[in-house]
Chemist: 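Below are the structure tokens for one structure; questions will follow.
Protein chains get the first letters and strands the later ones, always in sequence-line order, with residue 1 at the start of each.
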2 protein chains.
Amino acid sequence: MSKKVTIYDIAKKLNVTAATVSRALNDNPKISDSTKKLVLETAEKMNYRQNRLAIALKSGRSNNIGVIVPRINTNFFGSVIRGIEEELNASGYQVIICQTHNDEEKEAENVETLLNSQVDAIFMSTSSRNTITFEKILKKKIPLIFFDRKKTMDNVSSVTIDDFAGGYIATKHLIDQGCKKIAHISTGDLNIEIFRERFAGYKQALYDNDLPFSEDYVLFTKSNIEDGREAVKKLFSLKNKPDAIFSASDFVALGAIQELQAMKLKVPQDVAVIGFSNEPFTNFLELSISTIDQFPLEMGRMTAKVFLEQIDSSEVEKIQKKVVLEPKLIIRKSSNRGK
Amino acid sequence: MSKKVTIYDIAKKLNVTAATVSRALNDNPKISDSTKKLVLETAEKMNYRQNRLAIALKSGRSNNIGVIVPRINTNFFGSVIRGIEEELNASGYQVIICQTHNDEEKEAENVETLLNSQVDAIFMSTSSRNTITFEKILKKKIPLIFFDRKKTMDNVSSVTIDDFAGGYIATKHLIDQGCKKIAHISTGDLNIEIFRERFAGYKQALYDNDLPFSEDYVLFTKSNIEDGREAVKKLFSLKNKPDAIFSASDFVALGAIQELQAMKLKVPQDVAVIGFSNEPFTNFLELSISTIDQFPLEMGRMTAKVFLEQIDSSEVEKIQKKVVLEPKLIIRKSSNRGK
DNA sequence: CTGTTAGCGCCTTCAA
DNA sequence: TTGAAGGCGCTAACAG
């Protein structure tokens, strides 16, 4: 009652061959309705369950997709993965999760393992500087799709938001509130495209509105609350203090606000603040935080869709699709001076 | 350069047999150092990568673990999965994620698919009332381990927190603050053990401290902020209004506090509030919310460990281990009246 | 419509 | 120490 039931077992019982059983199970037209029905019934009765491993080995397709993220327990990545899982599951795929903790080596290991597992594609939000790991994937002819933290490469699809636009509209919004001395706190280094883009959007907005750009107003930190507090301490020790902060992270924005309030500065009157990501907590606060929505759920769904389209299409031409979602400005109390 | 390299390819190149290659690759002692070295080098050179599917089919072990949760993009489940992935990855396992959205049918489907995929174990936080799905798993002799939302069954391990204790210490804490009319907002129905336990802990604490229990003070809702607001409206339309609320969800606690403040009631002076889960946002608020920490990361790690121990041990006796973590009371502003 | 055969990539006896 | 052969469970020609 516990050992595995194979198609041979049910073939034996019915005095037919395994091929017949296989055909019946797969709705193959070349089979009589009577035997098909018989097979299906006994399969049910014997509690048969197909072995996807065998099918995978035979067909060369595992129906598994590998997803690599820095870590899974953040709202952003959790939501992206949720979107991926939902979309893919409906098409019969399963999702294998890997975390890198922003470690390049770990990321390379994960890729290696996923390739060994014969995944049909790899979706990733990369933490790597170089691209050799990715070339390994492409060499294997398996689709690689970036989401959020992409790397610009040929033959690779990606789903991102327009981070430049995100940085731009965030900064423009602060300018519209009357701010003239806008600081920017960036998280991570500029090797990561998304942060480089947000920074570029910030600069462009300043430029377009005839505001000077100052190196002193740009800080690079990690993405923790405490980093936000530290950043504010530094910014407000300058002789020429800023009157607004555009943070590339909601957590840093929160820390910044906490520190500003500790310094008895009014938000948004004295200093307007806007974050990035629309983490749920930004809306729970008494002083709710303005931010940029990245639509992680849609990003995940879209990533899955891009893959599904890609495999549906003729293998002849490799499609590479660069989907760019529009970020959305969400104005809340931390930056709203009522125009 | 792109087609799959198998052990046969490298065998051919070396004029040996695939078996020899296999042995070399697996550090089999029965092989000369020279050929082993040669094989390893050419394998490297030819960019050989083992096919885990084939090994899985051969060995009957896929080295994949299925994890089933209601949904992945919450801090709690995200953190549990993170813990699981970290612990398991170190032992060469990969994690396949499935979401149920609290739907029993979906859960059954997920189990079915995972079994077909020959996962070596299933970890789950169940949304089901009945246990027939689980019996299918056990019949297949593959380990089933519950975490958080368990179902009491034989031959099944589980890792949970002591939800009874959680409900108890939360309620006791409110009593210690001088509250006498303590309401309880439960999320989900009482078919889910964790909520039943928290509720039981609440009642026991009242009983032990000679406080009366009243049905009027117990509400069942979903787990959204809005539900918390609604619950408070109901509770405060009673003639005999409560002076404290123990919510089984942080989100509901937040909604409750918002509504209380809207009603011009002081928290914690007029009404003390405590939530459950220690969602990060509870600590970000100006009026930080007291809560019960469930140690999700540890829970995930422990779940993985229980599994690893289980397979290491002799197969003869099925170990079933019921690990119960101690929840921790976290006192913050929403309930702290300074004794 | 059904049976036979072969093979996906690997490991593991059993011989040599 | 190495080779030969069989099989994990399934599907896909190719026959009949």
Chemist: Closest to the K4(A) side chain: dG3(D), dG9(D), dC10(D)?
Modeler: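 So the nucleotide nearest the side chain must be dG9(D).
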Chemist: Measure the distance from OH on Y8(A) to P on dG7(D) and round it to the nearest whole Å.
Modeler: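 Computing the Y8(A):OH to dG7(D):P distance gives 10 Å.
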Chemist: Only one of F146(A), Y93(A), F307(A) passes ring pair (Phe, Tyr, Trp, His ring centres under 6.0 Å) with F123(A); say which it is.
Modeler: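 When ring pair (Phe, Tyr, Trp, His ring centres under 6.0 Å) is applied between F123(A) and each of F146(A), Y93(A), F307(A), only F307(A) qualifies.
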Chemist: For P29(A) and for A18(A), locate the closest nucleotide of DNA chain C by heavy-atom distance; then report the residue assigned to the nucleotide nearer the 5' terminus.
Modeler: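 Looking at DNA chain C, the more 5' nearest nucleotide goes with P29(A).
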Chemist: Taking the side chain as everything from C-beta on, heavy atoms only, tell me whether Q294(A) gets closer than 4.5 Å to D148(A).
Modeler: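 Yes; the side chains approach each other to less than 4.5 Å.
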Chemist: Is the number of heavy atoms from other residues, nucleotides or ligands under 6.0 Å of K322(B) NZ greater than 12?
Modeler: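 Check passes, neighbour count above 12.
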Chemist: Hey, which of these two, N15(B) or A54(B), hits DNA chain D nearer its 5' end, going by closest nucleotide?
Modeler: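 Taking each residue's closest nucleotide, the earlier one in sequence belongs to N15(B).
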Chemist: Which whole-number value in Å describes the distance from N51(B) CG to dC10(D) P?
Modeler: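 Distance, rounded to whole Å: 17 Å.
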Chemist: S32(B) has a side chain; which of dC10(D), dT1(D), dG3(D) sits nearest to it?
Modeler: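 The answer is dT1(D).
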Chemist: Measure from NZ on K58(B) to P on dG6(D) and round the result to the nearest Å.
Modeler: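 Spelled out: NZ on K58(B) to P on dG6(D) is 13 Å.
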Chemist: dT11(D), dC8(D), dT1(D): which one has an atom nearest the side-chain heavy atoms of L57(B)?
Modeler: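 Minimum distance to the L57(B) side chain belongs to dC8(D).
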Chemist: According to a strict under-4.0 Å criterion, is S22(A) in side-chain N/O contact with OP1 or OP2 of dC10(D)?
Modeler: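 Checking S22(A) against dC10(D): no side-chain N or O falls below 4.0 Å of OP1 or OP2.
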Chemist: Is the phosphate of dT11(D), meaning OP1 or OP2, less than 4.0 Å from a side-chain N or O of N26(A)?
Modeler: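 The answer is yes; a side-chain N or O of N26(A) sits under 4.0 Å from OP1 or OP2.
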Chemist: With distance as the sole criterion, do the side chain of R52(A) and the base of dG9(D) form a donor-acceptor contact below 3.5 Å?
Modeler: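 There is none.
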Chemist: Going by heavy atoms in the side chains, are E135(B) and I132(B) under 4.5 Å from each other?
Modeler: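 Contact flag for E135(B)/I132(B) side chains = yes.
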Chemist: Expressed as a whole number of angstroms, how long is the span from D9(A):CG to dC10(D):P?
Modeler: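 One finds 9 Å between P of dC10(D) and CG of D9(A), rounded.
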Chemist: Counting the atoms with a prime plus P, OP1 and OP2 as sugar-phosphate, which does I55(A) contact under 4.0 Å by heavy atoms, base, sugar-phosphate, or nothing?
Modeler: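 Sugar-phosphate, no base atom in range.
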Chemist: What is the first contacted nucleotide of DNA chain C and what is the last, in 5' to 3' order, if contact means an atom lying under 4.0 angstrom from a heavy atom of chain A?
Modeler: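 Reading along DNA chain C, I get dC1(C) to dG9(C).
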Chemist: Classify the nucleic acid contact of S59(A) as base, sugar-phosphate or nothing, counting any heavy atom under 4.0 Å across all strands shown.
Modeler: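 No contact.
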Chemist: Measuring to OP1 and OP2 of dC8(D), would you say a side-chain N or O of T6(A) lies under 4.0 angstrom away?
Modeler: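 Looking at the OP1 and OP2 atoms of dC8(D), neither is under 4.0 Å from any side-chain N or O of T6(A).
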Chemist: Just checking K13(B): does its NZ atom have more than 12 heavy atoms from other residues, nucleotides or ligands closer to it than 6.0 angstrom?
Modeler: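 Counting neighbours around NZ of K13(B), 12 or fewer heavy atoms of other residues, nucleotides or ligands fall under 6.0 Å, so no.
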Chemist: Roughly, in whole Å, what's the span from NZ in K30(A) to C1' in dA13(D)?
Modeler: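 It works out to 11 Å between those atoms.
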Chemist: With nearest nucleotides of DNA chain C determined for L53(B) and A19(B) from heavy-atom distances, which residue corresponds to the more 5′ nucleotide?
Modeler: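 Comparing both residues, the 5'-ward one is L53(B).
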Chemist: Got I161(A) and L325(A) here, is their nearest side-chain heavy-atom distance under 4.5 Å?
Modeler: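 Answer yes - side chains close enough.
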Chemist: How far apart are the C-alpha atoms of I97(A) and I72(A), what are their side-chain angles, what is the distance that settles it, and do they pass the side chain to side chain contact (heavy atoms under 4.5 Å, CB included) test?
Modeler: CA-CA 8 Å; I97(A) 297 290; I72(A) 186 187; 4.2 Å; yes
